[in-house]
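Any value given below was found using the heavy atoms of this structure, including those in side chains, with hydrogens, waters and symmetry copies removed.
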Amino acid sequence: MEYYITDTHCHITCDMLYDQIEDIISRAKENHIKRMLVVCTNFQEYSRVEKLKEKEPKLFDIALGFHPNDLYKFNERDYKDLESLVQDDKLVAIGEIGLDYHWDDVTREDQIVGFRRQIELAKKYKKPILIHMREATQDTVDILKEYIPLKGIIHCYSGSYEIAQELMKMGFYISYGGPLTFKNSRGAPEVAKKLPINRLFVETDSPYLTPHPYRGKQNEPMYANVTFKKLCEIKEIDEIRMAKQLEENYIELFQK
């Protein structure tokens, strides 16, 4: 019996991948991928996936948000255009949004302003949010607590079990990417083992964070199946059952 899964976070319309898009889609289908949540970081990427979705509407869902490191690239008109897409139900989620203190392209203060603004937009239109959280865990959690109830995905989670519990109580799902498979990744498998399967997802974050044993290669949605199998191994659950549960999680979150 076949199983099928969703890559809940991929950037296939970014410049690094888009010129190979037909091959990427074909390889994804060959590797049990039934759906891709394409996360756009600008309006050009959105236009690209909108055209793809016209051809295969069930294969693609679309999210768009202003990444914390890119906030200075956007102006008031861009925020209005984002709201128009949300209002017209063109997006299943707003994201990825959040905080990233690893880089200093955007000040922490301005990141927080942009983060809050997009959370408020999601609350206004009752949309899930996709959270990017890098070296900013406590600030991210503290801000999210101000907006409960919320719903969404903590993308490429690498934090503790205790923080995951806090986030799940708020209404978030925890998504694992390639790092779950890394040989030096001890914490992530230990945390994933403790988490309930009705709050989990898998993703690629392609073209980044390619899973083992393909590290060094460009990531793409077909490799979500590698992380999925690793999650099944960690949880000691067969692939059919896990795929069914992840699909139920997706339907519940996005009200499909």
Side-chain angles (χ1 to χ4, degrees), residues 6-15 18 21 34-100 106 109-133 140 143-156 167 170-173 175 201 203 205 221 247-256:
T6 295
D7 180 353
T8 61
H9 195 112
C10 59
H11 300 280
I12 58 170
T13 53
C14 73
D15 290 340
Y18 190 63
I21 193 65
K34 68 172 287 184
R35 185 192 296 113
M36 291 168 256
L37 175 47
V38 182
V39 181
C40 304
T41 63
N42 57 54
F43 292 101
Q44 180 186 46
E45 291 176 3
Y46 169 79
S47 296
R48 288 169 174 173
V49 72
E50 191 177 35
K51 291 175 183 175
L52 294 175
K53 189 172 176 66
E54 286 174 2
K55 295 179 183 177
E56 296 189 82
K58 292 184 178 179
L59 187 59
F60 304 102
D61 282 335
I62 309 174
L64 171 63
F66 303 149
H67 190 283
N69 295 139
D70 295 339
L71 289 172
Y72 292 157
K73 298 177 182 178
F74 302 102
N75 55 35
E76 284 302 311
R77 176 58 187 269
D78 294 319
Y79 277 96
K80 289 179 181 176
D81 289 344
L82 175 60
E83 181 166 7
S84 294
L85 291 175
V86 177
Q87 191 172 11
D88 292 343
D89 214 26
K90 297 290 184 71
L91 309 177
V92 300
I94 296 175
E96 61 188 282
I97 64 175
L99 301 175
D100 188 326
V106 177
E109 293 77 14
D110 287 340
Q111 286 189 42
I112 288 169
V113 170
F115 187 26
R116 289 184 181 279
R117 188 166 182 180
Q118 293 179 90
I119 294 171
E120 289 163 6
L121 181 61
K123 292 282 285 184
K124 181 178 179 181
Y125 293 101
K126 297 181 174 58
K127 291 289 183 181
I129 50 179
L130 311 180
I131 299 296
H132 175 101
M133 181 173 68
T140 305
I143 290 169
L144 292 173
K145 282 180 178 177
E146 296 176 26
Y147 294 94
I148 294 172
L150 288 166
K151 59 180 180 177
I153 302 174
I154 308 298
H155 119 81
C156 208
L167 292 162
M170 290 185 218
F172 287 99
Y173 292 73
S175 181
F201 288 119
E203 62 171 90
D205 196 24
E247 177 65 9
E248 289 175 4
N249 297 351
Y250 196 91
I251 290 168
E252 181 179 8
L253 176 58
F254 295 106
Q255 299 175 359
K256 288 283 185 176

Peer 1: Contact between I62 and K53 at the side-chain level, heavy atoms closer than 4.5 Å - yes or no?
Peer 2: yes
Peer 1: Any idea which heavy atoms bring G65 and I97 closest together, and the distance?
Peer 2: CA-CG2, 4.2 Å
Peer 1: Is Q111 reaching over with its side chain to a backbone N or O of D100, donor-acceptor style, under 3.5 angstrom?
Peer 2: yes
Peer 1: Between R48 and D15, is there a side-chain heavy-atom distance shorter than 4.5 Å?
Peer 2: yes
Peer 1: Measure the spacing between CG of L130 and CD1 of I154 and express it to the nearest 0.5 Å.
Peer 2: 9.5 Å
Peer 1: Between K126 and K124, is a side-chain contact (heavy atoms from CB on, under 4.5 Å) present by the stated rule, with each step listed?
Peer 2: CA-CA 6 Å; K126 297 181 174 58; K124 181 178 179 181; over 6 Å; no
Peer 1: Is E83 paired with K127 through a side-chain N to carboxylate O contact shorter than 4.0 Å?
Peer 2: no
Peer 1: Can you see which heavy atom on L64 is nearest to which on L85, and at what distance?
Peer 2: CD2-CD1, 3.6 Å
Peer 1: Find the distance between OH (Y147) and CE (M170) and round it off to the nearest 0.5 Å.
Peer 2: 13.0 Å
Peer 1: Does Y46 reach the side chain of K90, with side-chain heavy atoms less than 4.5 Å apart?
Peer 2: yes
Peer 1: Could you check I12 against F60 for side-chain contact (heavy atoms from CB on, under 4.5 Å), going step by step and ending with a plain yes or no?
Peer 2: CA-CA 11 Å; I12 58 170; F60 304 102; 3.8 Å; yes
Peer 1: Within 45° of the axis and under 6.0 Å from the centre of the six-membered ring of Y250, does NZ or CZ of R35 qualify?
Peer 2: yes
Peer 1: Start with the C-alpha distance between F201 and N249, add both sets of side-chain angles, then the distance that settles side-chain contact (heavy atoms from CB on, under 4.5 Å), and finish with yes or no.
Peer 2: CA-CA 8 Å; F201 288 119; N249 297 351; 3.6 Å; yes
Peer 1: Quick one: CE on M133 to CG on L99, what's the gap to the nearest 0.5 Å?
Peer 2: 9.5 Å
Peer 1: Are the side chain of N42 and the backbone N or O of E45 linked by a donor-acceptor pair below 3.5 Å?
Peer 2: yes
Peer 1: Quick check: do R116 and I143 have side-chain heavy atoms less than 4.5 Å from each other?
Peer 2: yes
Peer 1: Go through the steps to decide whether Q118 and Y79 satisfy the test side chain to side chain donor-acceptor pair (under 3.5 Å), and finish with yes or no.
Peer 2: CA-CA 9 Å; Q118 293 179 90; Y79 277 96; 4.7 Å; no
Peer 1: Examine distances only and state if a side-chain atom of D78 and a backbone atom of N75 form a donor-acceptor pair shorter than 3.5 Å.
Peer 2: yes
Peer 1: Between S175 (side chain) and H155 (backbone), is there a donor-acceptor pair under 3.5 Å?
Peer 2: no
Peer 1: Minimum heavy-atom separation for F172 and I153, please, with both atom names.
Peer 2: CD2-N, 3.8 Å
Peer 1: Counting C-beta onward and ignoring hydrogens, is there a side-chain heavy-atom pair between L91 and Y125 closer than 4.5 Å?
Peer 2: no
Peer 1: For D81 and F43, which heavy atoms make the closest approach, and how far apart are they?
Peer 2: CB-CZ, 3.8 Å
Peer 1: Taking C-beta and beyond as the side chain, do D7 and L37 meet within less than 4.5 Å on heavy atoms?
Peer 2: no
Peer 1: Quick one: pull up CZ in F74 and CZ in R117 and give me the separation to the nearest 0.5 Å.
Peer 2: 12.5 Å
Peer 1: Under a 4.5 Å cut-off applied to non-hydrogen side-chain atoms, are Q255 and P128 in contact?
Peer 2: no
Peer 1: Which heavy atom of V39 sits nearest to which heavy atom of E96, and what is that distance?
Peer 2: CG1-N, 3.5 Å
Peer 1: For K34 and L59, indicate whether the former's side chain and the latter's backbone hold a donor-acceptor pair under 3.5 Å.
Peer 2: no
Peer 1: Which value, rounded to the nearest 0.5 Å, describes the distance between K123 atom NZ and K151 atom NZ?
Peer 2: 10.5 Å
Peer 1: Working to the nearest 0.5 Å, report the span between CD1 of I129 and CZ of F115.
Peer 2: 5.5 Å
Peer 1: Please examine the side chains of V38 and D61, heavy atoms only from C-beta on, and report whether any two atoms are closer than 4.5 Å.
Peer 2: no
